[in-house]
Amino acid sequence: MRWITARRRRPLFGYAAVLLALVALGSLYAAATGLGSTGNASASSGSSSSQITEGKNLFAVSCASCHGEDAQGSSVAPSLVGAGAAAVDFQVGTGRMPLKETDAEAPRKPPVFTQSQIYAIAAYVASLGGGPAIPSDQDVSTAGASTGLGQSLFNANCAQCHNYSGAGGALTAGKYAPPLTQATSRQIYEAMLTGPEAMPVFNNTTLTPQDKRDIIAYVEQTRSEANPGGFSLGRVGPTTEGLVAWLGGIGALVLAAMWITAKRREERTGEIR
Amino acid sequence: MSDNDADLEIGPEERRPHRVIGTPPPAAGILTDPGRGDGEDEAPAAEPWIPADNPDPVSAKNWERVAALLFTLSALASVGFVAAYVGLEIGNKNGDVVDATLRSNLALGTALSVAMLAIGIGMVIWVRYIMPPVEVSEARHPLASDPEDRAAFAETILEGAAASQLTKRPLLRRTLLAAVLPVAAAPLIVLRDLGPLPGTSLRSTVWKKGTRLTVYGSNQPITPADFNSPGAMITVIPEGYADNDEVLAKATVIIIKMEPGQLKIPTRYNDGVNGPHTLLNSMNWTVDNIVAYSKICTHVGCPAALYEQTTHKILCPCHQSTFDAETGATVLFGPAPRPLPQLPITVDAEGYLVAQSDFQEPVGPSFWERG
Amino acid sequence: MSTTQHRPLQMPKPLAKQGGELDDRFHAAKGVRTLLRKVFPDHWTFLLGEIALYSFIILILTGIFLTLFFQPSMSEVVYHGSYTKLDGVRMSQAYASTLNISFDVRGGLLMRQIHHWAADVFLAAIICHLLRIFFTGAYRKPRETNWLIGLGMFTLGIFEGFLGYSMPDDLLSGTGVRIAEGVLLGIPVVGTYLSFFLFGGQFPGNEFVARFYIIHVLLIPGLLLALVSAHLFLMVHQKHTQMPGAGRTNNNVVGQPMYPYFAIKTGAFFFFVFGVLALLGTFAQINPIWQVGPYTPVAISAGSQPDFYMGFLEGSLRIFPNWTWDIGGHTIAWNVLIPALVILGFLFTVLGVWPFVERWATGDKSYHNVNQKPRNAPTRTGVGMAGVVFYGIMWLEGANDLIAVHLQIPLYTLTEVARYAVFIGPVIAFWITRRICIGLQRRDAAMLEHGVETGIIQQLPNGGFAEAERPVTPEEAAELIELPPPSVTEVRSDTDENGLPAPARRGLAGRVQARAHDYFVEGISLAPPANGHTNGHGTNGHGTNGHNGHGEVESGERAAIGSGPSGDRADDEA
């Protein structure tokens with residue numbers, strides 16, 4: 001245990017310890033409630049009144065300050081009536097909500113609530129007036145999906161913001177399309193269904209659930225596949241390639257040229273007489 | 001290094017340098033007299049231009065070992081390259097195609113890199129640490145020719161010109177010129193059949209009254225009831241043209257669904273030469289708060305498709321031209337000069353979204369005949 | 001060590017016989033010997049052009065490999081190959097065969113990647129080489145022709161790279177071709193015709209990959225080969241320039257002989273270039289077209305950028321305002337014409353006429369075989385840096401969306417800033433660079449006069465402290481002092497002997513030239529006072545060479561390239 005005390009004087013260690021404790025506590029809690037992050041979506045469809053009550057309470061504590069007591073919205077936040085359970089699951093599940101500070105874009109963060117709490121809030125918001133439900137495991141299953149069709153759909157409708165590789169990209173006024181590296185298949189589905197923030201909505205009658213599964217399959221395979229040509233360079237296209245050509249290519253060759261042409265010490269000290 | 005004590009002999013066919021003089025080792029920093037112009041006829045030098053031996057034989061011997069090691073390494077790497085080529089299958093015969101390619105590329109590339117770099121490093125060691133260091137000087141000769149040579153040259157030219165009679169016979173000269181110019185134009189003429197003339201083809205697209213809007217990719221027609229979520233956007237193409245890139249390059253459209261009251265499309269007429277009565281934008285061209293705009297940017301033709309449903313801005317990711325979807329895709333920012341053309345849409349008897357007509361102005365980038 | 005006695009060198013009989021047979025036929029002994037003994041100056045910046053040369057050779061080698069497998073056809077196929085992720089996708093034969101090269105041809109991906117990296121390094125090396133030539137004044141007489149040939153190769157290289165980038169017909173390159181089509185359409189009067197002839201009709205048509213291909217693999221490489229040959233021939237014929245230094249004059253070349261030294265060095269460098277490109281091709285993935293997807297005019301990717309050498313044009317297209325004119329039934333697309341074509345033309349025109357402008361302004365008609373240090377030509381260096389900043393801002397703006405995301409700066413703000421910076425930046429860069437150059441010249445002059453600060457602090461008898469200084473060595477002085485040109489230069493003076501403006505300075509043209517001349521020459525070579533310098537310098541064994549530089553400094557405050565009365569220097573053939 002000496003190594004702990006030895007490090008305790010370091011200021012960062014305190015934060016690390018607190019973080020560790022919090023993570024441990026959260027894991028225990030999740031285990032105790034019996035609902036991990038892989039919890040089933042049936043929570044949303046078969047929502048009990050107790051779940052709605054729990055959600056209402058959580059909403060009142062964490063969300064109502066911006067979205068209003070009855071989720072009717074305010075000057076700083078939209079109404080959630082009709083937003084649907086899928087939107088809640090996406091926003092809270094990706095840690096974007098509750099918002100810490102108002103910025104151009106809500107960044108992805110570790111979620112504040114457990115999955116069961118998220119389902120409770122989702123059930124409450126869904127009870128206020130419809131909206132898309134949380135997709136089931138079957139909805140987001142990519143078994144048998146066509147990555148080829150997914151590719152066509154992705155490039156025509158998603159790549160303009162998220163980049164061909166899902167690396168993300170810039171929008172106006174400081175907003176950005178996030179990279180698709182962390183989103184789960186359910187979250188990708190929910191994002192298409194609900195159009196979080198600046199993202200347009202792709203409802204199920206326009207992009208059918210099968211279309212969505214094709215897109216998800218394409219995204220997942222793209223991000224998981226290796227880079228056969230070496231390091232990916234961020235998969236953002238020629239800009240980083242140009243940097244590497246200059247810094248790596250020209251840089252290395254200039255060093256080689258300097259070595260080849262450098263004067264040796266005895267040459268340097270040679271006198272002209 | 002001790003066996004080069006033999007006396008220096010300069011035979012008649014001796015190819016000894018004698019223009020500039022080097023100092024032999026061990027005075028290593030050698031710099032010769034710059035030489036004054038043509039030194040070719042100076043007396044032969046008593047010493048060689050460049051020395052034969054490294055002043056530090058011990059160090060040279062050590063470096064020789066290093067270089068030999070590197071050359072051997074290179075040879076081994078080349079063998080490795082062949083082995084990797086033969087030994088590593090690619091394609092999807094055994095397992096994942098990407099992983100197989102990764103393995104092959106890594107093995108082949110590493111072997112090739114080592115083979116090349118080892119030779120390169122070894123050669124630099126050879127020339128820098130094994131060979132005797134030299135620095136020599138070579139005289140430059142004036143580039144300009146002697147005046148006599150120039151005069152003789154000019155004379156030759158003039159003689160030839162006179163003999164050719166061209167200076168005296170303008171008829172010959174001018175008709176020859178007249179003959180050559182059309183010949184030079186011929187290569188341009190034969191390029192004519194590279195493509196058809198543009199005509200008015202850039203002014204129109206395949207959209208016409210009743211053409212259904214179909215979702216790109218799934219090729220399904222779409223009803224306002226399908227496309228009923230405010231904030232929705234989708235890329236659509238004219239039905240039946242999914243495989244025709246030339247058509248799609250002009251006719252691709254995005255449709256956007258808005259909340260009631262958000263669309264504020266003005267009634268806008270063309271004020272150009274096409275006559276003042278050509279309608280360019282109208283609320284009557286929308287269906288149920290669904291509006292259709294050309295996806296082809298009016299700057300240089302990239303698909304302008306980056307739609308922010310919160311601000312209703314359409315951004316082109318190529319050069320960031322920004323259009324306001326609420327007000328007829330008017331330009332908010334960037335290099336695009338004109339709004340994205342609006343496609344008049346309505347619903348057909350079966351309830352599907354269809355075009356009322358073609359676009360009322362040319363889509364895409366500016367061109368000379370656009371007007 | 002051994003004494004300086006040497007054996008006579010004896011050619012082995014068989015070799016001598018073979019050599020004799022060859023010489024009987026080609027009369028080559030003398031010429032080849034001269035070539036073998038050609039002296040190459042040893043300075044690392046002189047290898048920048050070689051990076052380009054060797055990249056070009058590697059481009060040809062890898063390119064030949066790729067042509068064996070690539071199918072330059074736009075006929076449509078539905079993919080059912082090894083890369084199953086794209087199974088069933090509609091694509092062109094060109095794209096499908098590129099997938100095939102990447103995933104089904106052993107070494108194909110490596111060749112593709114080396115080819116692409118070599119293209120990037122080729123153009124980057126050309127840019128470095130060009131900047132080195134510019135900033136050291138190596139393009140001056142007699143090398144103006146080679147400067148122009150180099151610019152021609154640079155232009156061709158850009159087009160060649162763009163065409164190659166377009167070959168696989170993937171989404172990124174197709175977008176680039178689409179932009180090129182938009183630019184073509186913007187050309188007044190003939191734009192639509194050019195576009196229709198190039199694409200065989202409306203974009204994208206079924207022709208352009210095949211047409212680009214033949215230009216890419218035959219026409220431009222052929223032109224480049226011819227120009228490379230001319231470039232190298234002129235370089236050998238006119239001999240290298242060299243950096244200023246001890247013993248280096250306008251009448252000699254100091255360095256190492258071609259045979260065997262330089263031949264080994266340059267051979268080694270070829271392997272270095274190949275090795276580095278192979279390393280990049282192994283470990284840095286470039287243009288992963290299987291991720292990008294096939295081209296379709298319907299789709300677009302965020303962060304659509306061209307390869308870096310087109311980046312400045314992409315940037316200028318992004319920052320230029322949306323000006324167009326509709327006049328008399330015609331549209332003039334200034335928003336496309338100026339950023340894409342006028343700026344490209346402007347850059348290359350300025351570069352092309354620069355040697356002649358400088359020559360006109362300075363009145364310097366002499367030969368220059370010793371390069372100038374950038375500080376010794378403040379106006380040129382300032383103009384060069386202004387150009388670099390101008391280019392650089394547009395270049396950065398070509399990646400503004402990536403910069404916006406990663407530095408969290410709003411996109412429009414970047415563009416707005418760039419719109420001003422592209423005008424203000426070069427002016428500031430010019431001014432600052434010029435001041436820095438003149439400051440460095442002053443420091444050089446002070447060093448020549450007072451010596452080098454040694455860092456040793458000595459206490460003086462009166463209790464004060466002073467830093468010990470030592471005189472500059474001849475080698476240091478030779479690097480500091482600029483050599484005058486060897487031949488008689490046209491002496492330009494403001495007034496004639498009667499105090500009237502000199503004939504060359506009368507009239508509008510004369511006055512303009514006089515102003516330009518003054519500006520170019522002003523600040524060049526702030527010479528140290530003649531007295532302090534003569535003592536410290538002329539006596540310490542510098543010999544004839546040193547005398548040249550020394551005299552130049554004496555010629556006074558306006559001693560400059562060609563401006564001082566340097567023609568009377570005893571520098572020509574004795």
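The structure presented is a predicted model; accordingly, all values stated were derived computationally and were not measured. By convention in this document, chain letters (A, B, ...) are assigned in the order of the sequence lines, proteins followed by strands, and residues within each chain are numbered from 1.
- One distance of note links CG of D42(C) with OG1 of T261(A); it measures 5.5 Å at 0.5 Å rounding.
- A404(C) touches chain A through its side chain: at least one heavy atom from C-beta onward sits under 4.5 Å away, while N, CA, C and O do not.
- How far OG1 of T240(A) is from CD of Q285(C): 10.5 Å, rounded to the nearest 0.5 Å.
- For the set P228(A), G249(A), A256(A), the count of heavy-atom pairs under 4.5 angstrom toward chain C peaks at P228(A).
- Within the 4.5 angstrom heavy-atom criterion, only side-chain atoms of Y83(C), from C-beta onward, approach chain A.
- The candidate from D87(C), V273(C), L277(C) with the greatest count of non-hydrogen atom pairs under 4.5 Å with chain A is V273(C).
- Here I300(C) is the residue among V405(C), D307(C), V89(C), I300(C) with the most heavy-atom pairs under 4.5 Å with chain A.
- The backbone N or O of V292(C) lies less than 3.5 Å from a partner atom in the side chain of N155(A), making a donor-acceptor pair.
- One N or O on the side chain of Q113(C) and one on the backbone of G229(A) form a donor-acceptor pair closer than 3.5 Å.
- Here the shortest heavy-atom pairing between T239(A) and A399(C) reads CG2-CB, 3.7 Å.
- Chosen from A284(C), A302(C), P410(C), G311(C), the residue pairing most often with chain A at heavy-atom distances under 4.5 Å is A302(C).
- Between chain C and the options F231(A), W246(A), W259(A), Y176(A), heavy-atom pairs under 4.5 Å are most frequent for W246(A).
- At distances below 3.5 Å, not a single donor-acceptor pair connects side-chain atoms of K85(C) with backbone N or O atoms of G148(A).
- Within 6.0 Å of the CD atom in Q408(C), the count of heavy atoms belonging to other residues, nucleotides or ligands does not exceed 12.
- Taking each heavy atom of G237(A) and L172(C) in turn, the nearest pair found is CA-CD1, 4.4 Å.
- Between chain A and the residues N400(C), L48(C), I409(C), L109(C), the largest count of heavy-atom pairs under 4.5 Å involves L109(C).
- A donor-acceptor contact shorter than 3.5 Å links the side chain of E241(A) to the backbone of N287(C).
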Practice item. Start with the C-alpha gap between V244(A) and W117(C), add the side-chain angles, then the distance that decides, and say whether side-chain contact (heavy atoms from CB on, under 4.5 Å) holds. Key: CA-CA 9 Å; V244(A) 170; W117(C) 282 119; 3.6 Å; yes

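- Of the atoms belonging to L171(A), it is backbone heavy atoms, and not side-chain ones, that fall under 4.5 Å from chain C.
- For the atom pair I250(A) CD1 and F122(C) CZ, the distance stands at 11.5 Å (nearest 0.5 Å).
- Pairing each heavy atom of A170(A) with each of D401(C), the nearest pair is CB-O, 3.4 Å.
- Contact count versus chain A (heavy atoms, under 4.5 Å) is highest, among Y79(C), W290(C), W44(C), Y309(C), for W44(C).
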Practice item. Just do the side-chain contact (heavy atoms from CB on, under 4.5 Å) check on V276(C) and L253(A) with the steps written out, would you? Key: CA-CA 7 Å; V276(C) 167; L253(A) 289 171; 3.8 Å; yes

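- The candidate with the highest count of non-hydrogen atom pairs below 4.5 Å against chain A, out of P41(C), A124(C), P306(C), is A124(C).
- When every heavy atom of Q291(C) is checked against every heavy atom of S165(A), the shortest pair comes out as OE1-CB, 4.3 Å.
- I260(A) touches chain C through backbone and side chain together, each having a heavy atom under 4.5 Å away.
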